[in-house]
Protein chains: 2
Amino acid sequence: MSRSIPLEIIDDQEDGRSQRRDAIANRKLILRTAEKLFAERGVHEVNMADIAQAAGVGKGTLYRRFTNKAALCLALMDAQMREFQNTMLERMRTMSANGVSRLEQLMHFLDALVHFTDAHVPLLCEIQREGMVTQDETSLQLPHFWQYMTVNGLLRAAREAGEIAPDLDVDYLADALLAPLKADIFRYQREVRGFSLERISQGLQTLVSGLRVCV
Amino acid sequence: MSRSIPLEIIDDQEDGRSQRRDAIANRKLILRTAEKLFAERGVHEVNMADIAQAAGVGKGTLYRRFTNKAALCLALMDAQMREFQNTMLERMRTMSANGVSRLEQLMHFLDALVHFTDAHVPLLCEIQREGMVTQDETSLQLPHFWQYMTVNGLLRAAREAGEIAPDLDVDYLADALLAPLKADIFRYQREVRGFSLERISQGLQTLVSGLRVCV
DNA sequence: AATCATAACGGACTCAAGTCCGCTTGTCAA
DNA sequence: TTGACAAGCGGACTTGAGTCCGTTATGATT
């Protein structure tokens with residue numbers, strides 16, 4: 001697999017060193033506190049003032065550590081996010097080695113992403129709240145960017161391998177396939193429409209299958 | 001065309017009669033004022049207080065006429081929305097009469113929707129701001145609901161006509177095909193990715209084509 | 001025309017996100 | 001050890017959405 005995905009999620013300021021001890025301590029304290037409150041009352045029901053107070057810290061401090069609620073939520077998912085990425089990269093490497101087609105890899109990726117999204121809807125909703133265009137905070141885009149690059153890369157590879165027609169608009173299709181996985185749409189499908197994970201995954205597979213060259 | 005789409009967008013309180021003169025007058029006044037301010041400064045840059053003040057009306061009045069900014073924006077699009085719906089229904093009737101396939105009708109509908117969406121992105125962003133689940137205000141869902149029913153209906157008809165495989169999950173696919181047309185995603189594709197309307201439309205056609213039964 | 005129930009009005013108020021800025025403290029170099 | 005200063009801290013403040021409620025206007029009834 002020649003395609004390289006050089007993206008790492010860069011957390012707020014994670015130089016490691018050059019951070020003052022109290023800053024690092026507060027960061028962890030805030031994360032732990034937020035995690036606890038979110039678990040108790042739900043992400044949406046907890047506001048920033050609550051978190052600051054529960055952590056015994058000023059609002060200014062809270063906002064110095066995390067630009068906004070979205071950034072805080074992203075930081076809370078960081079570990080699992082990295083793990084997901086690494087697992088996926090690993091699996092795709094294995095699949096490639098075993099001659100699994102690119103489209104099948106894509107389907108596998110989307111299926112995994114469906115489960116990952118489901119497991120983190122509340123946080124993801126908060127992270128994506130402000131929409132994609134307004135969001136200046138570049139790091140908030142990174143998760144989506146990584147997903148996009150992955151799907152895009154797999155489609156490109158599929159195209160080169162002749163699995164899909166050579167004139168397909170890979171750049172657009174990657175976006176379109178990921179659109180139903182945006183947190184609020186996904187949540188709507190789950191909660192209002194009552195779709196199961198399998199059903200959603202299956203539906204996405206259908207769309208991917210449709211790209212396959214008709215033999 | 002046997003499928004019926006009984007939905008009409010019900011505006012805030014549009015019984016017509018049984019509305020006090022001052023209420024009606026204020027409603028129009030507010031709409032005109034908002035339209036003007038939005039045109040001058042952009043939807044996002046104008047806040048509710050601005051509108052109330054410019055209209056020479058209290059905030060309470062503003063909120064009595066329109067539940068929130070989203071409802072106000074929806075009301076501003078109402079006429080064009082209805083026109084779009086009617087035009088579409090009309091065209092689809094014509095196409096059906098001329099033996100145009102359901103999938104082709106669907107493609108036509110999506111193409112038109114792409115242009116419609118593009119023409120109204122700022123208002124649509126505001127309308128869809130709160131996400132789909134939180135949104136209690138049922139009427140705000142109506143536009144999306146109508147679009148969903150249309151796509152869903154066309155897919156069903158296509159399935160019955162044997163244009164697509166009989167086991168496809170029409171309910172899910174309708175949602176998935178509309179997902180990239182949600183205002184914020186659409187706006188991202190247009191403004192950040194720089195996709196042209198033709199390109200987006202083309203991409204959606206590709207996805208629809210993929211559903212077609214391989215002969 | 002006067003009465004009155006009811007809807008409409010206005011603006012002060014609440015609530016949450018995010019900013020500002022004067023004070024404090026950890027770090028590093030002398 | 002000390003002292004300067006960048007970084008961190010806290011909480012008052014700003015901003016905008018949306019609510020509440022006492023006052024006022026409308027129009028149906030008599």
Under 4.0 Å between a side-chain N or O of Thr61(A) and OP1 or OP2 of dG10(D)?
yes
Asn68(A) CG to dA17(C) C1', in whole Å, measures 9 Å
Each nucleotide N or O in nucleotides 1-7 of chain C that has a protein N or O under 3.5 Å away: list the pair and distance.
residue : atom : partner  : partner atom : Å
dA7(C)  : N3   : Arg20(B) : NH1          : 2.8

Between OH of Tyr63(A) and C1' of dA12(D) the distance, given in whole Å, is 15 Å
Distance check needed: dG8(D) P versus Leu29(A) CG, whole Å only.
16 Å
State which residues pass side-chain contact (heavy atoms from CB on, under 4.5 Å) with Thr33(B); sequence neighbours excluded, sorted by chain then number.
Leu29(B), Leu37(B), Ala54(B), Ala55(B)
Output every pair passing ring-ring contact (aromatic ring centres under 6.0 Å, His included) with a member in residues 69-96 of chain B, not counting sequence neighbours, ordered by first then second residue.
Phe84(B)-Phe116(B)
Set of residues satisfying salt bridge (charged side-chain N to carboxylate O under 4.0 Å, His left out) with respect to Arg199(B), sequence neighbours excluded:
Asp169(A), Asp171(A)
Among all residues two or more places apart in sequence or in another chain, which pass the salt bridge (charged side-chain N to carboxylate O under 4.0 Å, His left out) test with Arg193(B)?
Asp175(A)
Sorted by chain and residue number, the salt bridge (charged side-chain N to carboxylate O under 4.0 Å, His left out) partners of Arg41(B) (sequence neighbours excluded) come out as Asp50(B)
Would you find more than 12 non-hydrogen atoms of other residues, nucleotides or ligands less than 6.0 Å from Gln205(B) atom CD?
yes
Sorted by chain and number, sequence neighbours left out, salt bridge (charged side-chain N to carboxylate O under 4.0 Å, His left out) with Glu90(B) holds for Arg93(B)
Give the rounded distance in Å between these two atoms: CZ of Arg129(A) and P of dA16(C).
13 Å
Sorted by number, the residues of residues 30-37 of chain A with heavy-atom contact under 4.0 Å to DNA chain C
none
Return the nearest nucleotide to the side chain of Lys69(B); candidates are dA17(D), dC9(D), dC9(C).
dA17(D)
Nucleotide dC28(C), atom P - distance to CZ of Arg21(A) in whole Å:
10 Å
Output every pair passing salt bridge (Lys or Arg N to Asp or Glu O under 4.0 Å) with a member in residues 104-117 of chain B, not counting sequence neighbours, ordered by first then second residue.
none
Separation of Lys28(B) atom NZ from dA8(C) atom P, in whole Å?
15 Å
Is there side-chain contact between Leu155(A) and Leu168(A), with heavy atoms separated by less than 4.5 Å?
no
Short side-chain N/O contact from Asn26(B) to OP1 or OP2 of dC9(C), under 4.0 Å:
yes
List in chain and number order the residues that pass side-chain contact (heavy atoms from CB on, under 4.5 Å) with Ala158(B), two or more places apart in sequence or in another chain; answer none if no residue qualifies.
Arg102(B), Leu103(B), Glu163(B), Ile164(B)
Could you list the residues that satisfy side-chain contact (heavy atoms from CB on, under 4.5 Å) with Lys36(A), not counting sequence neighbours?
Glu40(A)
I need the CZ-P distance between Phe66(B) and dT19(D), as an integer number of Å.
15 Å
Atom CG of Leu62(B) and atom P of dA8(C) are separated, to the nearest Å, by 14 Å
When you measure from every atom of DNA chain C, which of residues 46-59 of chain A have a heavy atom less than 4.0 Å away?
Asn47(A), Met48(A), Lys59(A)
